Amino acid sequence: TTRLISPPIDLTGMTSILFNFSHMYDDYQGDGPAVGVATRSGGGLWNSVWEILPEANVGPEIIELEIENEDVGQQDFQICCYIQGNLYNLNYWYVDDICLFRPVELNLTLLFEGPYENGQMTNHLNVSEYLPLSQPYSGPFWNYPGTEEVPYIPNSNVTDWVLIELIKPNPYPQQVPYSVEARKAGFILCDGTITGLDGNSMLSFQLQDTDSLYVCIHHRNHLSVMSSNILSPDNGICTYDFTSGSEMAVEGQFAMKELSP
């Protein structure tokens, strides 16, 4: 076995990590050897998280892995690319653009005027079973192709579906003012918290570049709203509370209104 091994990396407090790389397997006469990716911690045994045993050329292709094993969260995490078997059967294994990074999670809070009542939003659409089980933003003008769906609405605190966009200013604004870096549908709860499809966890995005990101929130029955400030990740979590004041949105009081003092 031949390994290309990273130095120890402190992943204390993390439960999930992303590992992306480009590769091409140049086969000689089939039957391996196997190539893969493995992790370890404490200098212990290697735990394979991805492996192929090619019988012909593979790629070039991009591999994207989400790793959540017992090595993640350790202060001495290591990851490797390995070749295992008879090297005579392999011409080359090309590996490039290796990137290890954590997902970006959004801790967002927003209140809608329509269902707002006595300090929070109602769940009337939810309990009356009017909410769809798949994301409702596939048509105009959102045209979002996401496949988010649930077998049932996860809890009674869900108010409705929302569509979240992470956007970045375009360096050439005369063409388009910004580019959309990621989009995802989720739920908004009665207290204004925006969650993933389980109705509890934060929305998670696989983004390597988190510089200069703004968030835009769309809803079927309200004007869209965009953050006036750049998101600032803190240990992988971007917190943004639109309810703290109209200055949190682009156009301020022309984009949001005061629902209660």
Side-chain angles (χ1 to χ4, degrees), residues 1-106 145-148 166-168 171 179-184 196-197 201-213 233 235-238:
T1 302
T2 301
R3 301 183 189 272
L4 176 65
I5 305 173
S6 77
I9 303 168
D10 188 354
L11 299 186
T12 301
M14 301 185 193
T15 58
S16 175
I17 203 75
L18 303 173
F19 185 70
N20 295 352
F21 63 97
S22 304
H23 87 112
M24 177 180 174
Y25 188 100
D26 185 358
D27 180 66
Y28 176 56
Q29 60 178 25
D31 299 324
V35 297
V37 174
T39 67
R40 72 177 180 183
S41 56
L45 297 177
W46 288 102
N47 300 305
S48 181
V49 294
W50 176 84
E51 183 179 280
I52 58 174
L53 184 62
E55 296 182 354
N57 291 344
V58 177
E61 63 182 358
I62 297 173
I63 303 298
E64 298 178 342
L65 304 174
E66 182 173 6
I67 305 171
E68 298 177 316
N69 61 19
E70 67 268 16
D71 296 320
V72 178
Q74 304 302 316
Q75 63 180 1
D76 49 8
F77 172 92
Q78 287 180 285
I79 193 164
C80 76
C81 296
Y82 65 85
I83 306 174
Q84 189 172 52
N86 187 354
L87 300 184
Y88 181 81
N89 296 331
L90 170 68
N91 284 330
Y92 298 99
W93 185 34
Y94 300 95
V95 180
D96 200 358
D97 301 327
I98 296 175
C99 186
L100 181 76
F101 59 102
R102 70 178 304 167
V104 175
E105 295 183 299
L106 301 186
T147 58
E148 291 94 335
L166 294 178
I167 63 179
K168 181 173 292 191
S179 61
V180 177
E181 300 296 304
R183 306 171 84 191
K184 187 170 285 190
L197 298 186
S201 61
M202 291 180 284
L203 282 176
S204 177
F205 292 85
Q206 297 189 20
L207 288 174
Q208 297 182 33
D209 181 8
T210 59
D211 292 337
S212 303
L213 287 176
N235 203 23
I237 299 176
C238 295

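Since this is a predicted model, take the numbers as computed values, not measurements.
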Enter the distance from [X]:[atom1] to [Y]:[atom2] here, rounded to the nearest 0.5 Å.
X	Y	atom1	atom2	value
Trp50	Phe19	CH2	CZ	9.5 Å
Leu87	Gln84	CG	CD	10.5 Å
Asn57	Tyr92	CG	OH	13.0 Å
Leu106	Cys238	CG	SG	6.0 Å
Ile83	Leu90	CD1	CG	5.5 Å
Glu181	Phe205	CD	CZ	11.5 Å

Any idea which heavy atoms bring [X] and [Y] closest together, and the distance?
X	Y	value
Asp211	Lys168	O-CE, 2.9 Å
Tyr25	Ala56	CD2-O, 3.9 Å
Trp46	Gln78	CZ3-O, 3.9 Å
Pro33	Leu53	C-CD1, 3.9 Å
Glu64	Asn20	CA-OD1, 3.3 Å
Ile237	Met202	CD1-CE, 3.7 Å

Item to complete: Identify the residue among Asp71, Asn47, Asp76 that makes a side chain to side chain donor-acceptor pair (under 3.5 Å) with Ser41.
Response: Asp71

Establish, from distance only, whether the side-chain atoms of [X] and [Y] form a donor-acceptor pair under 3.5 Å.
X	Y	answer
Ser22	Glu61	no
Glu51	Tyr82	yes
Gln75	Asp10	no

Fill in: Leu4/Val95 under side-chain contact (heavy atoms from CB on, under 4.5 Å): CA gap, chis, key distance, verdict
CA-CA 10 Å; Leu4 176 65; Val95 180; 5.8 Å; no

Worksheet entry | Atom CD of Glu66: over 12 foreign heavy atoms under 6.0 Å | yes

Compare all side-chain heavy atoms of [X] with those of [Y] and state whether any distance is below 4.5 angstrom.
X	Y	value
Leu18	Ile67	no
Ile98	Leu100	no
Cys80	Ser6	no
Thr39	Asn69	yes
Arg183	Leu166	no
Asp97	Phe21	no

Discussion item. Working note: Ile167 + Leu213, criterion side-chain contact (heavy atoms from CB on, under 4.5 Å); need CA distance, chi angles, decisive distance, verdict.
Written reply: CA-CA 6 Å; Ile167 63 179; Leu213 287 176; over 6 Å; no

Worksheet item: Among Thr15, Ile17, Leu11, which one satisfies side-chain contact (heavy atoms from CB on, under 4.5 Å) with Arg102?
Response: Ile17

Worksheet item: Hey, mind stepping through Leu197 and Glu148 against side-chain contact (heavy atoms from CB on, under 4.5 Å) and telling me if it holds?
Response: CA-CA 8 Å; Leu197 298 186; Glu148 291 94 335; 3.9 Å; yes

Practice prompt. Go through the steps for Ile63 and His23 under the test side-chain contact (heavy atoms from CB on, under 4.5 Å), then give the verdict.
Written response: CA-CA 8 Å; Ile63 303 298; His23 87 112; 3.7 Å; yes

